[in-house]
Amino acid sequence: MSKKQSGSHQHADVLVTDSDLPAVAVDPQQAEAEDRRWTPAKIALWIGIALLGGIAWTMLAIVRGETVNAIWFVFAAVCTYLIAYRFYSKFIERNLLKPDDRRATPAEYKADGKDYAATDRRVLYGHHFAAIAGAGPLVGPVLAAQMGYLPGTLWIIIGVIFAGAVQDYLVMFFSMRRGGRSLGQMAREELGVIGGTAALIATLAIMIIIVAILALVVVNALGESPWGVFSVSMTIPIALFMGVYLRYLRPGRVTEVSLIGFALLLLAIIGGGWISETAWGVDLFTLDRITIAWGIIIYGFIAAVLPVWLLLAPRDYLSTFMKIGTIIMLAVAIVITRPEISVPAITPYATSGTGPVVAGTLFPFLFVTIACGALSGFHALISSGTTPKMIEKERQTRFIGYGGMLMESFVAIMALVAALSIDRGIYFAMNSSAAATGGTIEGAVTFVNGLGLTGVNLTQEALSTMASNVGEESIVSRTGGAPTLAVGIAQIMQGVFGGAGMMAFWYHFAIMFEALFILTAVDAGTRVARFMLQDSIGNFVPRFRDTSWRAGAWICTAIMVAGWGAILIMGVTDPLGGINTLFPLFGIANQLLAAIALAVCMAICAKKGMFRFLWIPALPLAFASVVTITASFQKIFSSTPAIGYWAQHTAFKDALAAGEESFGTAKTVAAMEAVVRNTFIQGTLSIFFVVLSIIVIITAILATVRAYRHGGGKENEDPAVPSRTFAPAGLIASPAEKELEAQWAALEPGKRPARAGH
Amino acid sequence: MGSPGAGKAACEGGPLMTVPQVLHRARDTARELAWLFKGVMGENAYQAYLDHHEHSHAGGLPMTEREFWRDKTDRQDANPEGRCC
């Protein structure tokens with residue numbers, strides 16, 4: 001009992017709230033009674049949700065007819081999310097985190113009207129979602145679709161409930177209790193110097209690899225596509241125009257400028273279509289992948305040193321606008337068109353590990369291929385820092401942290417549905433590397449039909465028709481996930497708006513949508529990494545700490561861009577197909593970051609003395625650790641060249657030593673040397689990541705064990721300050737919350753403490 | 001998980017609403033959605049700052065709208081926010 005009492009309630013004595021004000025929190029007993037009161041209507045509602053979810057899962061997992069309707073994916077996901085949100089996140093709230101609305105949040109006690117500004121929970125939900133959702137949940141599920149629909153669906157839904165949403169919720173809550181501290185700062189505080197430093201270096205390295213691979217996705221989507229290159233590059237002048245508009249013409253008119261930007265964006269997509277039909281347009285905008293990669297590298301450097309108002313901030317508005325609009329549109333379109341899906345539940349690639357899209361068996365590679373959407377370590381960087389400084393009341397973290405991640409998971413499910421809805425032959429033709437298909441229609445047809453997939457009979461006509469429908473020269477070996485998703489989205493959207501004639505528009509709309517996210521992530525990532533690097537170098541050369549020192553900023557930006565740029569160029573020129581070999585590294589890096597975040601959370605829970613419920617962070621931590629360490633070990637030690645980086649390295653090295661002039665898919669000596677070099681770098685990175693993460697996990701386990709021996713440990717929370725404001729916790733206010741809201745609304749305006757929002 | 005704030009109007013009010021009532025409700029819903037959207041886009045940041053300034057009795061004049069937005073992007077320059085993958 002005494003252990004249960006520690007946690008938030010130890011501050012009960014210091015939290016004397018102002019008696020002139022209405023209550024700042026719903027009476028815990030009243031809230032508990034409300035939760036536990038099961039009216040017949042409420043029981044019927046939850047039985048209904050459970051039944052619908054159960055039927056949907058039965059349709060997906062057991063019935064397995066020739067085809068399965070996409071609507072069952074939507075029902076299975078939404079019903080399961082609702083149940084998890086209502087019961088599991090509530091369980092975590094009640095037993096582990098114990099938020100206390102009588103405590104002021106940093107947005108209240110550090111309020112400055114700028115960074116620390118209490119924000120309406122619904123608005124903040126949107127904000128937070130826009131910050132965590134990007135290209136990741138769109139790409140991973142597409143690549144994992146080669147294993148069939150069931151493994152991906154199960155992992156996205158179960159993973160988010162027990163791992164991803166838990167991580168986001170815990171990190172957000174703990175950061176909020178620490179005045180909005182970042183994950184790196186929390187790691188140093190909780191794990192000590194070694195664990196903290198390892199976490200910092202790992203975070204930095206992981207950011208580099210993530211930015212590189214996201215950029216590779218864009219390069220693959222734009223390569224040999226004049227339409228795509230034109231419309232995506234037009235986003236730069238559009239963003240510059242928006243920046244100038246907001247700075248000098250009409251400051252603060254964010255929605256207005258986003259609408260203008262969106263209209264210009266549509267014009268750029270339509271204009272791209274015209275340009276791709278002119279000879280000069282094709283000449284000018286058909287770029288090979290290496291040129292595009294260099295373009296992105298140069299762009300990344302410039303964007304990261306330009307002032308934020310000119311490029312980054314306006315493009316972020318555009319990206320938020322597109323993100324929310326397109327995701328709602330896609331959800332509506334899937335519900336309206338309800339595509340039939342003919343992909344088998346599980347394909348032989350799940351067990352054989354020989355899939356042409358990403359090599360490796362279901363365990364562990366499914367769990368690293370789908371990172372964002374189920375569990376994404378990158379979110380820990382967003383959930384600490386920015387969002388916690390804007391939370392109005394402690395209990396809202398469940399809605400924003402846990403609920404926000406459920407929404408991202410739903411985006412991943414929609415991406416999976418979109419990828420599954422396209423013809424399987426076309427799916428494999430698009431996602432097998434050029435090394436396998438030769439990059440030609442004939443080569444792709446031979447390769448795909450040679451895979452021996454039941455029910456797949458790809459024809460050259462099917463490929464060329466699809467290519468001309470989406471307005472591209474060819475769709476063979478458009479790897480990276482983005483083009484496949486764009487075809488899927490185009491197919492779904494044309495069923496609602498415009499018919500087949502609009503497919504090309506929708507395809508490029510989807511490409512634009514993904515490129516916009518990724519480019520925002522690239523320059524925001526470069527900028528964040530640059531600051532982290534400056535801070536780290538600052539430990540040795542204090543001058544680097546001064547972030548306004550131009551030379552230091554340029555040097556650190558250049559180092560970061562060189563880091564991801566080198567990996568990008570390596571991926572683009574890789575004779576083995578680039579994304580197929582690099583994507584696992586992306587997933588492993590992201591999940592290792594998740595393991596680091598969960599390890600920090602576990603140590604914090606242990607220091608709070610919450611041993612009975614330590615399994616809540618420990619369970620996903622154990623799973624993420626096992627998955628990523630196994631995946632890393634296979635990448636390092638596997639003797640199968642398609643999986644092990646070092647096996648591939650040795651095979652090509654031996655071939656070179658034997659004087660061979662071509663080996664496997666590398667047709668020249670130079671290509672063979674490139675493979676030797678690339679696999680060396682990839683293998684070294686794998687070792688580097690896994691070693692750092694093991695260090696962090698071990699230091700977290702040691703901190704946990706130490707805390708257990710002492711029955712707890714030093715807490716690093718900010719001191720509790722009594723709150724002077726009230727707001728409901730969830731999306732819809734409960735009766736008790738409505739009553740309190742009314743009391744607060746009746747308060748004389750002069751007495752009411754400041755509150756942002758309405 | 002629907003979009004936050006949406007669907008709220010649907011669950012209130014009985015079946016016997018007059019036409020003006022329906023229109024009134026529709027207008028309220030549209031306003032709420034517009035408020036929510038502007039909030040998510042970050043448009044109300046200046047208003048929030050003004051409210052804070054007024055209530056904190058900090059003294060001195062608040063920044064003008066132009067100054068505020070300049071200051072906001074300058075702060076972003078110094079404290080970059082990550083964007084997720």
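Worth saying up front: this structure is predicted, and the values here are computed from it rather than measured. Letters go in sequence order (proteins before strands), and every chain restarts at 1.
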Applying a strict 4.5 Å limit to non-hydrogen atoms, the region of A:Ile324 in contact with chain B is side chain
Counting heavy-atom pairs under 4.5 Å with chain B, the top scorer among A:Ala111, A:Ala529, A:Ala313 is A:Ala111
Cut-off 4.5 Å, heavy atoms of chain B, and the answer for A:Phe517 is neither
Most contact-rich option vs chain B, by heavy-atom pairs under 4.5 angstrom, among A:Thr547, A:Val522, A:Thr386, is A:Thr386
Decide yes or no on side-chain contact (heavy atoms from CB on, under 4.5 Å) for A:Arg250 and A:Val257, but give the supporting numbers first. CA-CA 9 Å; A:Arg250 286 168 69 79; A:Val257 82; over 6 Å; no
Heavy-atom nearest pair, A:Leu731 first then A:Arg121, reads O-NH2, 3.2 Å
Turns out that what part of A:Leu306 lies under 4.5 Å from chain B's heavy atoms comes down to backbone
When the 4.5 angstrom heavy-atom criterion is applied to A:Asp316 and chain B, the contacting part is side chain
Between A:Leu183 and A:Ser384 the two heavy atoms that sit nearest each other are N-OG, 3.0 Å
Max heavy-atom pairs within cutoff under 4.5 Å with chain B, candidates A:Pro251, A:Gly134, A:Pro307, A:Ser548, goes to A:Pro251
When the 4.5 angstrom heavy-atom criterion is applied to A:Leu381 and chain B, the contacting part is neither
A:Asp120 and A:Arg122 ion-paired at < 4.0 Å
yes
In short, A:Val160 meets A:Gly373 closest at the heavy-atom pair CB-O, 3.8 Å
Comparing B:Ala78, B:Gly42, B:Ala45, B:Ala34 against chain A, the one with the most heavy-atom pairs below 4.5 Å turns out to be B:Ala78
Between the CG atom in A:Asn590 and the CZ atom in A:Phe378, the distance rounded to the nearest 0.5 Å is 7.5 Å
When the 4.5 angstrom heavy-atom criterion is applied to A:Phe321 and chain B, the contacting part is both
Looking only at A:Ser376, A:Gly136, A:Gly252, A:Ala133, the option with the highest number of non-hydrogen pairs under 4.5 Å against chain B is A:Gly252
Practice item. Kindly indicate, with the supporting measurements, whether the criterion salt bridge (Lys or Arg N to Asp or Glu O under 4.0 Å) is fulfilled by A:Glu108 and A:Arg724. Key: CA-CA 8 Å; A:Glu108 194 182 344; A:Arg724 295 173 55 78; 5.8 Å; no
Checked A:Ile382, A:Thr520, A:Ile213, A:Asp523 vs chain B; the most non-hydrogen pairs under 4.5 Å come from A:Ile382
When the 4.5 angstrom heavy-atom criterion is applied to A:Arg253 and chain B, the contacting part is both
From the list A:Asp115, A:Leu138, A:Leu246, the residue making the most non-hydrogen contacts under 4.5 Å with chain B is A:Asp115
Taking every heavy atom of B:Met63 against every heavy atom of B:Tyr46, the minimum-distance pair comes out as O-OH, 2.8 Å
Worksheet item: Do B:Tyr49 and B:Trp69 make the cut of ring centroids closer than 6.0 angstrom?
Response: no
Cut-off 4.5 Å, heavy atoms of chain B, and the answer for A:Ser258 is side chain
* **Polar contact flag, side-chain donor to acceptor under 3.5 angstrom, B:Gln21-B:Thr18** => yes
